[in-house]
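Here is the structure we will look at.
All values derive from a computational prediction rather than experimental measurement.
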Amino acid sequence: ALGAANAKVDANNDRVALTELVADVMDGRINGTATIALNNRSASMLKGDFSNLDISKLAALRVGNLAPLQGQTTGNIDLTFPGTDFRTSSGTINAAITANAGTADRGFVPIHGQIRLSAVSGLFTVDLADLNTEKSRLTATGRFDLKDENSDLAVVLNSTDASEIDRLVRVLGISKEFEDQLDSMEVEVAGNLRFDGTITGNVSDPTVNGKASLESLAMRGRDVGRVAADIFADPTGFELRNGRLSDNQGGTAEFSATIPRAGQNNIAIKASLANIDVGNLLAALPITLPEQIRDLDGQTSGSVDITGLPDDSRGEINLAAAKGIIAGQPFDGLTVKAVFSGTRVELQQATLRLGAGQVSATGS
């Protein structure tokens, strides 16, 4: 239910023209003119001013259900398009937004901003897109394509509190699977967050390419450190490239990860470690380990190369740890080489040095 409207009507076999249009719709008001084409020989047109339109109802016209946004938008519109194909619009849209993202159950995050668009045959140029929350700001310039594959948007996200972005993802309900993954690994983010990248292709299923950095990442109660990586996502999957993790003790890990959209047990992870805290490394693995092993502490170097995660692992781990603690007991050195093959893990080498003594093990 959108509301009610009054207008002068002039109709023929090709179109219905509405003049002196006054519409009290979507909890707001539209004043202007409109033409509704009845065939592809005619053009549809919408021109006028709007005020306090309900954003969730406006979004529902495009996506078919109410978006998790509560608020209003005010501005003006001047669009034409052949027939009823909105994807080929030409014209301009200017809108100011004041809203809350989320639902009563999930909570709300206040958002406000300004958007100015100009379009030619469905290719929209973003003259201004500036959205703000209390601690975060998203800006975009470039173009997005409703019809073809010519989107090319430059997007910058800056936040002084990464936990606000985490909360925004959750209140919007963007991906239940993504939320479940974060929860299963007890992920917590904090501090400055930045993403600087591009969105290309078709706006409904785009390619995203950019650089991201996060000041503080914690997993399973362990402070993992600072993280930066190149992010690539397209219709086939998601990749982290040229990743770098820096912990608070001076250790580093260079890493990459590939997460396809389709299929199962096809996630791949590679990492090269240099004096990284092994406890933090274990916290980052997508598996649950016994408490005594999770408490392992020590500076570790080596490599990780595993495919088929989470349940059909293939590859190997080579690790060497200096002095540390395991199960509450100090050790002087630890070396491990393990080869993964489905549910089987072959321990080719495991050596633990304790003072003048040494424990070695092999097996599967």
So if you build clusters from Ile, Leu, Val, Met, Phe, Trp, Tyr with side-chain heavy-atom gaps below 4.5 Å, do Ile199 and Leu157 land together? yes
With sequence neighbours left out, write down each residue that passes side chain to side chain donor-acceptor pair (under 3.5 Å) with Asn242, or none if nothing qualifies. Asp230
Neighbour count >12 (heavy atoms, 6.0 Å) for atom CD, Glu134: no
Taking Leu217 as the starting point, is it possible to reach Leu240 by hopping between hydrophobic residues whose side chains are less than 4.5 Å apart? yes
Answer with yes or no whether the side chains of Asn52 and Asp27 bring together a donor and an acceptor at under 3.5 Å. no
Within a strict 4.5 Å, meaning less than it, do heavy atoms of the Leu245 and Arg226 side chains meet? no
Between Ser301 and Ala320, is there a donor-acceptor pair closer than 3.5 Å when you use the side chain of the first and the backbone of the second? no
With rounding to the nearest 0.5 Å, note down the distance linking CG in Leu46 to OG1 in Thr35. 9.0 Å
Under 4.0 Å between a Lys/Arg side-chain N and an Asp/Glu carboxylate O for Arg353 and Asp332? no
Kindly compute the distance separating CZ (Arg29) from OG1 (Thr74), expressed to the nearest 0.5 Å. 13.0 Å
Heavy-atom distance under 4.5 Å between the side chains of Thr351 and Leu334, does that happen here? no
Could you walk me through whether Ser136 and Ile165 pass the side-chain contact (heavy atoms from CB on, under 4.5 Å) check? CA-CA 8 Å; Ser136 307; Ile165 302 300; 3.4 Å; yes
Pairwise side-chain contact, Leu138 with Val155, heavy-atom cut-off 4.5 Å (strictly under): yes
State plainly whether the residues Glu186 and Arg220 are in salt-bridge range, i.e. N to O under 4.0 Å. no
Give a yes or no on whether Ile36 and Met26 share a hydrophobic cluster (residues Ile, Leu, Val, Met, Phe, Trp, Tyr; joining criterion: side-chain heavy atoms under 4.5 Å apart). no
Which of these passes side chain to side chain contact (heavy atoms under 4.5 Å, CB included) with Lys8: Thr19, Thr33, Leu18? Thr19
Pairs touching residues 123-148 that satisfy ring pair (Phe, Tyr, Trp, His ring centres under 6.0 Å), sequence neighbours left out: Phe124-Phe144
Crowding at CD, Glu215 (>12 non-hydrogen neighbours, <6.0 Å): yes
Heavy atoms of Phe232 and Arg241 approach each other most closely as CD2-NH2, 3.5 Å
For residues 266-278, which residue pairs pass the side-chain hydrogen bond (donor to acceptor under 3.5 Å, both in side chains) check, not counting sequence neighbours? Arg222-Asp277
Note, Val304 side chain near Ile317 side chain (heavy atom, < 4.5 Å): yes
Would you indicate whether the side-chain heavy atoms of Ile269 and Leu309 approach each other to under 4.5 Å? yes
Under 3.5 Å: donor-acceptor pair, side chain of Asp234, backbone of Gly237: yes
OG1 of Thr252 to CG of Asp247: how many Å apart, nearest 0.5 Å? 8.0 Å
Over all heavy atoms of both residues, which pair between Ser121 and Ser90 is shortest? Give the atoms and the distance, please. N-OG, 2.8 Å
Full working for side chain to side chain donor-acceptor pair (under 3.5 Å) between Asn76 and Asp49: CA-CA 4 Å; Asn76 55 73; Asp49 300 319; 4.6 Å; no
Phe331 and Ile325: which non-hydrogen atoms are nearest, and at how many Å? CE2-N, 3.3 Å
So, the side chain of Thr300 versus the backbone of Gly298: is there a donor-acceptor pair under 3.5 Å, distance only? yes
Measure the shortest side-chain to side-chain distance between Arg137 and Asp130 over non-hydrogen atoms and say whether it is less than 4.5 angstrom. yes
Taking all atoms of both residues into account, what is the closest heavy-atom pair of Asn39 and Asn13, and its distance? ND2-O, 3.6 Å
Say whether, by atom type as modelled, one donor and one acceptor occur between the side chain of Thr80 and the main chain of Ser44 under 3.5 angstrom. no
Between OG1 on residue Thr92 and CG on residue Asp127, distance to nearest 0.5 Å: 9.0 Å
Strictly distance-based, threshold 3.5 Å: is any side-chain N or O of Asp311 a donor or acceptor partner for the main-chain N or O of Asn265? no
Does the pair Lys211 and Asp196 meet the rule for a salt bridge (charged side-chain N to carboxylate O under 4.0 Å, His left out), with working shown? CA-CA 5 Å; Lys211 296 181 179 295; Asp196 190 340; over 6 Å; no
Partner of Asp145 under side chain to side chain contact (heavy atoms under 4.5 Å, CB included), chosen from Thr200, Leu153, Asn202, Leu123: Leu123
Got a sec, which residues hit side chain to side chain donor-acceptor pair (under 3.5 Å) with Asp312, two or more places apart in sequence or on another chain? Arg314
Taking C-beta and beyond as the side chain, do Glu239 and Ile259 meet within less than 4.5 Å on heavy atoms? no
How far apart are the closest heavy atoms of Glu164 and Ser159, and which atoms are they? OE1-OG, 4.5 Å
Before you tell me yes or no, could you show the steps for Gln72 and Thr98 under side chain to side chain donor-acceptor pair (under 3.5 Å), namely the whole-Å CA-CA distance, both residues' side-chain angles and the distance that decides it to 0.1 Å? CA-CA 6 Å; Gln72 292 79 39; Thr98 301; over 6 Å; no
Taking a hydrophobic cluster as the set of Ile, Leu, Val, Met, Phe, Trp and Tyr residues connected by side-chain heavy atoms closer than 4.5 Å, whether directly or through intermediates, do Val227 and Ile231 fall within one such cluster? yes
Between CG of Leu128 and OG1 of Thr139, what distance do you get to the nearest 0.5 Å? 9.0 Å
Would you say Leu319 and Thr335 make side-chain contact, with heavy atoms under 4.5 Å? no
Set of side chain to side chain donor-acceptor pair (under 3.5 Å) partners for Arg15, sequence neighbours left out: Asp10
Quick check on the hydrophobic clustering: are Ile306 and Phe238 connected, directly or via other members, by side-chain heavy-atom contacts under 4.5 Å? yes
Backbone N/O of Asp14 and side chain of Asn12: donor-acceptor pair under 3.5 Å: yes
Looking at every non-hydrogen atom in both residues, tell me the closest pair between Leu347 and Ala338 and how far apart they are. CD1-CB, 4.3 Å
Could you go step by step and tell me if Leu79 and Phe86 meet the side-chain contact (heavy atoms from CB on, under 4.5 Å) rule? CA-CA 9 Å; Leu79 289 180; Phe86 180 78; 3.7 Å; yes
Between Ser364 and Arg344, do the side chains contain a donor N or O and an acceptor N or O under 3.5 Å apart? yes
With sequence neighbours left out, the residues meeting side chain to side chain donor-acceptor pair (under 3.5 Å) with Asn158 are Arg194
Are Ile93 and Ile115 close enough, and set up right, to give a side-chain contact (heavy atoms from CB on, under 4.5 Å), and what steps lead you there? CA-CA 8 Å; Ile93 300 175; Ile115 296 176; over 6 Å; no
Working note: Phe50 + Asn31, criterion side-chain contact (heavy atoms from CB on, under 4.5 Å); need CA distance, chi angles, decisive distance, verdict. CA-CA 6 Å; Phe50 55 88; Asn31 294 277; over 6 Å; no
Any Lys/Arg nitrogen of Arg261 or Asp205 sitting under 4.0 Å from an Asp/Glu carboxylate oxygen of the other? yes
